[in-house]
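Just below is one structure, and these are the notes that go with it.
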Amino acid sequence: MAEKLLQPDYIFESSWEVCNKVGGIYTVLSTRAKSLQTLLPDHIIFIGPDFGDDYKPTHFKEDKRLMASWRNAAKKEGLDLRIGRWQVPGDPVAVLVGFKSFFEKKDEIYTLLWEHFGVDSLHAYGDYDEASMFAYAAARVVESFYSFFKLDGKRVIYHGNEWMTGLGLLYISHKLPQVATVFTTHATSIGRSIAGNNKPLYDYLFAYNGDQMADELNMQSKHSIEKQTAQHVDCFTTVSDITGRECKELLDKPADVILPNGFEDDFVPKGSTLTAKRKAARKALLHIANALTDNNLTDDALIISTSGRYEFRNKGIDVFVEAMARLNADNRLARRIAAFVEVPGCTNDNRLTDMMRYHGLENKPDSRVVLIPVPDYLTGDDGLLNIPYYDLLPGNDLTVYPSYYEPWGYTPLESIAFHVPCITTDLAGFGLWVNSVKGRYGELKDGVKVIHRTDGNYHDVVESIKETVMAFSRCDKAVVSSIRTNASHLSKMALWKHFIVHYQKAYHIALTKAAGRFTI
């Protein structure tokens, strides 16, 4: 008989990205909210940072009537709260907490962490203090709510995401041990740093010592809080098997549960609406490409893009550029290409413009490939395209995300949800998931081409992307239609309704362990 899973009565979930759109974790939480609301209506409470009076949270609507009596009591405890709804599917309760007032006692807080958990905060720099004070404030929110609403005897989960919430999870473990703790690392801080510093992560993963590498790369404090949190919470989780291996080797703690990232497709337009958005997006993209390069690309051109955070190597931006350069030099290309690097912030870094110049991507009127950097967040008010990312995405014929370091990978999942086939790698959790679903490496006909990538096969990856795009450029309309349909069907296998069960397992493990602390 299958084990009956313990169900929580309340879940508190904190992240730097609650109502604060920074990266992929925002998508994880905001799309999963609906499934959790279905399980626990208004007993799932998200906690995010409040940066002050001028801060405008993402899709947050304050409701001063909501839990007003608790908010007033919390204020007397030194907590500055904004309570309302996160206006995403499910419309969950969100609490934004100010944290700047706690800076004056950070030395006291760090001393407690050192004495009880051995966390090294001496080498902190950059965003460590800010994140830690938010983590402390978020934990105090849980403590205050628990006391005010008298939750003794209830099954309560506190779930923190990324190292930025670690201090709060350890605080709850120490101060409120009856609350079950869950920690999710979406990417280890030291693993990302090793990869970002051009060191071979995968071939030598078995030989790396996380503590030693943290010393070498000046990551001691972030690594320390992440490692100790993983060691001390009731349930430690990550988002893919590839990151699970990283956790085992670098944090000395295997994940208790793998929590793959799903999504809700409520925001994906259907039928004629999608067709209209695709047509409008193509028109806008081609107009920009022609205006910036003195070209005359027509609707027959192949539109390709890559997007994500500006991590030149980790996200495979270098691979993408070189693949486009090889296509530009190949007279077998059946259609001209308008390629876009939709990555904010790259104007401060010369690597992209230098690499384009080195490989002869000069965007001439007779170029087979024109490559356009779009160095801004596509929120609809960027001043160049003025179209939100999700309205531009359908305009692509193909997307390319050749990541070297990618614990999951939302961009390829979003792409296929919009019927746009993509290329990714097996160093991305999403790519590995596609392979597991197919029982083999994903192929273009499936809607996702998964390329084998290692520490040392950069040029093979570039060539594989080039040949895949070349083959796609020759596909007739019927084949393209079939590929687009298969891409959409594959995306539906990653809906939260299929993946939420993994979270329920994590909650069960945490609740069981917490209950064991009070068993006589």
For [X] and [Y], work out which heavy atoms get closest and say how close.
X    : Y    : answer
A506 : T237 : CB-CG2, 4.1 Å
L81  : A74  : CD1-CB, 3.7 Å
T399 : S415 : OG1-OG, 2.8 Å
F99  : D50  : CE2-O, 3.8 Å

State whether the side chain of [X] and the backbone N or O of [Y] hold a donor-acceptor pair below 3.5 Å, judged by distance alone.
X    : Y    : result
H59  : V88  : no
E264 : R32  : no
S403 : Y405 : no
T512 : H508 : yes
D241 : G244 : no
N350 : D354 : no
D215 : Q212 : no
D9   : R155 : yes
R517 : P177 : yes
N20  : G48  : no

When you compare the side chains of [X] and [Y], does any donor N or O come within less than 3.5 Å of an acceptor on the partner?
X    : Y    : answer
N72  : S69  : no
E226 : T188 : no
T306 : Y401 : no
D91  : Q37  : no
T243 : S240 : yes
H123 : N218 : no
S307 : Y389 : yes
D211 : H223 : yes

[atom2] on [Y] to [atom1] on [X], rounded to 0.5 Å:
X    : Y    : atom1 : atom2 : result
T238 : K248 : OG1   : NZ    : 14.5 Å
E246 : L250 : CD    : CG    : 5.5 Å
E143 : E77  : CD    : CD    : 8.0 Å
H159 : T181 : NE2   : OG1   : 10.5 Å
K21  : T27  : NZ    : OG1   : 6.0 Å
I225 : L113 : CD1   : CG    : 5.0 Å

Is the [X]-[Y] ring centre distance short of 6.0 angstrom?
X    : Y    : result
Y390 : F267 : yes
W86  : F46  : yes
F145 : W70  : yes
F12  : Y158 : no
W16  : Y26  : no
H232 : F117 : yes

Salt bridge present between [X] and [Y] (N-O < 4.0 angstrom):
X    : Y    : result
D63  : R85  : no
K106 : E130 : no
K100 : D80  : no
D318 : R313 : no

Quick one, [X] and [Y] - any side-chain contact, counting heavy atoms below 4.5 Å?
X    : Y    : answer
L40  : L36  : no
T185 : W163 : no
V501 : W496 : no
S35  : K497 : no
Y404 : R453 : yes
I45  : V95  : yes
E162 : S189 : no
L29  : N161 : yes

* **Derivation and outcome, side chain to side chain contact (heavy atoms under 4.5 Å, CB included), residues E249 and Y208** => CA-CA 7 Å; E249 296 296 335; Y208 281 127; over 6 Å; no
* Asked: Y171 and Y136: ring-ring contact (aromatic ring centres under 6.0 Å, His included), yes or no, with the steps?
  -> CA-CA 7 Å; Y171 177 90; Y136 176 77; 5.4 Å; yes
* Step by step, would you call L96 with F51 a side chain to side chain contact (heavy atoms under 4.5 Å, CB included)? -> CA-CA 9 Å; L96 305 187; F51 299 102; over 6 Å; no
* To do: Could you check Y110, Y128, W114 and say which one makes a side chain to side chain donor-acceptor pair (under 3.5 Å) with S121?
  => Y128
* Asked: Does the side chain to side chain contact (heavy atoms under 4.5 Å, CB included) test come out yes or no for F183 and D234, once each step is laid out?
  -> CA-CA 8 Å; F183 176 44; D234 295 315; over 6 Å; no
* To do: Look at the aromatic rings of F430 and W408 and report parallel, tilted or perpendicular, splitting at 30° and 60°.
  =>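 Perpendicular, since the angle between the ring planes exceeds 60°.
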* Does a sphere of radius 6.0 Å around OH in Y204 hold more than 12 heavy atoms from other residues, nucleotides or ligands, not counting ones at 6.0 Å or beyond? -> no
* To do: Please check if atom OH in Y377 has more than 12 non-hydrogen atoms from other residues, nucleotides or ligands closer than 6.0 Å.
  => no
* **Residues K505, D256; criterion salt bridge (charged side-chain N to carboxylate O under 4.0 Å, His left out); working and verdict** => CA-CA 10 Å; K505 181 179 178 182; D256 297 306; over 6 Å; no
* Between N314 and E406, is a side-chain hydrogen bond (donor to acceptor under 3.5 Å, both in side chains) present by the stated rule, with each step listed? -> CA-CA 7 Å; N314 286 356; E406 188 69 79; over 6 Å; no
* Run the side chain to side chain contact (heavy atoms under 4.5 Å, CB included) check on I451 and T424 step by step: do they pass? -> CA-CA 6 Å; I451 296 172; T424 188; over 6 Å; no
